Number of protein chains: 2
Amino acid sequence: MEEENSRANDRELGRREQTRSHNQALILAAARAVFAEYGYSRTTVRDIIRATPLAAGTFYNYYKSKDEIFQAIRDETALKVRPLLREARSGSKTADKFIYATFRTFFDFVVAEHAALVTGHSSNAMHVRVDTPEIIAGFGELEEDLASAIAAGILPRVDIKYLTASIAGLAFELSENMMDREKPDPEAAARFATDLVLGGISGMAKK
Amino acid sequence: MEEENSRANDRELGRREQTRSHNQALILAAARAVFAEYGYSRTTVRDIIRATPLAAGTFYNYYKSKDEIFQAIRDETALKVRPLLREARSGSKTADKFIYATFRTFFDFVVAEHAALVTGHSSNAMHVRVDTPEIIAGFGELEEDLASAIAAGILPRVDIKYLTASIAGLAFELSENMMDREKPDPEAAARFATDLVLGGISGMAKK
DNA sequence: GCGTTGTATGACACTGCGTCAACTTAACTT
DNA sequence: AAGTTAAGTTGACGCAGTGTCATACAACGC
């Protein structure tokens, strides 16, 4: 349905929209780099725009504020991990596979994307943080999946809200602990977390 | 050893130091209130000082910057919980008591102090956050105590670093989950977390 | 009393965000 | 292909908020 010679997918975009999305990408990439280097509060919108060939005012043609672009970056990352987690869990027929897949996928993601995980909002903390509101929200899906798994008899009946929070808490804190080590080992971390959760809930179920 | 009629403990302070500490406390209290209401970025130093009878410049006689007073507040809170946690664990002769005391004390503290737990640095998130760097650092002591407990045979041998991170992660995330509920129940949360950890590590030990 | 030293004050300099009127460029019209 | 419109670009500007500083003031020692 396209014209011939449409190698590039922006072939049939007008020049306008072409440069628009080009510039948008330019700004976003610059912002990611600068935020990663200086953290939120110490980067200025001018710093970001200085890393592009554009002028100061142009920034606001693409993003309403410094806050908005920061959100955009974090959303982007969070949105990437959600389908991965869902997908990883989907085929799991046993409790062990279900829980392990969740942790392993998350830890692998953190290792792969840690440069993109924007550092804290705070003054000069260059620490990698994974417990952003966007990622936390992503664990809402986990709650649904846990409910299904319990209904299907894969997992024993326990308080779902607490269990979801527990898995999220383990995922966040073990991620950061893992990344602080010389050689991050997602397999070991996932194994530990899985054993903890499985042992814990099987103990609870017996009561 | 004091003079008679020394009801107030600033009796033998000079007037100077008396008003100094008075003003300091005044500013700190005002800051706590204003930060709690508007969050970090939306409160100005002028907002803080306006809640006291002092003038703008005076603020900087007591604190170097807005950031510094924010840190001071967080440190103060973090420093309060540490001895409580140590104390709570100290007498515990069984694994269950040891772990439960840790969680229960932490959750009770969060409930009691939640107004003082300054909300996130971020734009307008009024969410209570307990995983500040200062509080996270406090869990270093937990690691030492876990090591002792394992040495004493109270807890089975497991990876201490992962276990510490796990307990911290559970404490943080369950705290926030607990505070989001209509009626926070530290007992139930602590019970859940304890069962999870105990069941988990006893499972690991058997391997 | 009287110098000295620490404190209070608000005007000011400075930095950084977000806006806007003037200008440029793309797309469309006839 | 010249003319019209719509969209994008630009940097100077307005404004808000931080932190500083010269001046004024109050406490302390003598």
Side-chain angles (χ1 to χ4, degrees), chain A residues 3 8 10-35 37-73 118 121-124, chain B residues 3 8 10-35 37-73 118 121-124:
Chain A
E3 308 167 11
D10 45 27
R11 208 6 87 98
E12 73 266 21
L13 262 59
R15 246 196 125 125
R16 209 151 229 173
E17 332 188 357
Q18 196 175 320
T19 54
R20 175 154 193 93
S21 60
H22 177 72
N23 283 351
Q24 169 130 2
L26 222 59
I27 295 177
L28 201 67
R32 238 196 303 267
V34 183
F35 278 137
E37 173 133 20
Y38 297 108
Y40 182 80
S41 46
R42 289 193 306 176
T43 77
T44 71
V45 172
R46 260 62 169 185
D47 287 340
I48 296 172
I49 216 68
R50 207 172 299 126
T52 73
L54 305 167
T58 307
F59 175 89
Y60 295 93
N61 233 308
Y62 292 90
Y63 296 95
K64 275 212 296 293
S65 66
K66 177 179 159 184
D67 226 76
E68 189 183 281
I69 195 171
F70 186 73
Q71 282 301 328
I73 291 172
V118 180
H121 231 241
S122 166
S123 32
N124 48 8
Chain B
E3 310 166 11
D10 46 26
R11 207 6 87 96
E12 72 266 21
L13 262 58
R15 239 174 124 139
R16 214 157 225 170
E17 332 187 0
Q18 196 175 320
T19 54
R20 176 157 191 90
S21 61
H22 177 72
N23 283 350
Q24 170 130 1
L26 223 57
I27 294 177
L28 201 67
R32 236 195 305 266
V34 183
F35 278 138
E37 172 133 19
Y38 298 107
Y40 182 81
S41 47
R42 288 193 307 177
T43 77
T44 72
V45 171
R46 260 61 170 185
D47 287 340
I48 295 172
I49 217 67
R50 206 172 300 126
T52 74
L54 305 167
T58 307
F59 176 89
Y60 295 94
N61 233 307
Y62 291 90
Y63 296 95
K64 274 212 297 293
S65 66
K66 178 179 158 184
D67 226 77
E68 187 182 281
I69 196 172
F70 187 72
Q71 281 303 329
I73 291 171
V118 179
H121 231 240
S122 166
S123 33
N124 48 8

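These figures come from a predicted structure and were not determined experimentally.
Nucleic acid contact for B:Ser65: sugar-phosphate only, since backbone atoms but no base atoms lie under 4.0 Å from a heavy atom of the residue.
The separation between B:Glu17 atom CD and C:dT5 atom C1' is 13 Å, rounded to whole Å. Summarising the geometry, the separation between CD1 on A:Ile48 and P on C:dG16 is reported as 13 Å, rounded to the nearest angstrom. For A:His22 and D:dT9, the NE2 to C1' distance is 15 Å, given to the nearest whole Å. Regarding A:Gln18, its CD atom lies at a distance of 11 Å from the P atom of C:dA26, rounded to whole Å. Atom C1' of nucleotide C:dG18 and atom CG of A:Asp47 are separated by 16 Å, given to the nearest angstrom. Between the CD1 atom of A:Ile49 and the C1' atom of D:dT9 there is a distance of 11 Å, given to the nearest Å. D:dG8 atom P lies 14 Å from atom OH of A:Tyr63, rounded to whole Å. Between B:Arg50 atom CZ and D:dA16 atom P the separation is 12 Å, expressed in whole Å.
Under 3.5 Å, the side chains of A:Asn23 and A:Tyr62 contain a donor-acceptor pair of N or O atoms.
A:Thr58 has a side-chain polar atom (N or O) that falls below the 4.0 Å cut-off from OP1 or OP2 of D:dT10. For the pair B:Tyr62 and C:dT7, the criterion of a side-chain N or O lying under 4.0 Å from OP1 or OP2 is not met. Here A:Asn61 does not reach the OP1 or OP2 of D:dT10: none of its side-chain N or O atoms lies under 4.0 Å away.
Taking the centre and axis of the six-membered ring of A:Tyr40, the NZ or CZ atom of A:Lys66 falls inside the cone set by 45° and 6.0 Å.
Of the two residues near DNA chain C, B:Ala56 and B:Arg20, the one whose nearest nucleotide lies more 5' is B:Arg20.
The side chain of A:Lys66 approaches C:dG18 more closely than any other nucleotide in the set D:dT9, C:dG18, D:dG19. Comparing C:dG10, D:dT18, C:dG18 by their closest approach to the side chain of B:Tyr60 singles out D:dT18. Of the candidate nucleotides C:dC17, D:dT10, C:dG10, D:dT10 has the atom lying nearest to any side-chain atom of A:Leu54.
Between B:Phe35 and B:Phe70, the ring-plane angle classifies as perpendicular under the 30° and 60° cut-offs.
No donor-acceptor contact under 3.5 Å links the side chain of A:Arg46 to the base of C:dT15.
Taking both residues in full, the closest heavy atoms of A:Leu26 and A:Thr52 are given as O-CG2, 4.0 Å, listed atom of the first, atom of the second, then distance.
Side chains of A:Tyr60 and A:Val45 form a contact here, defined as non-hydrogen atoms less than 4.5 Å apart.
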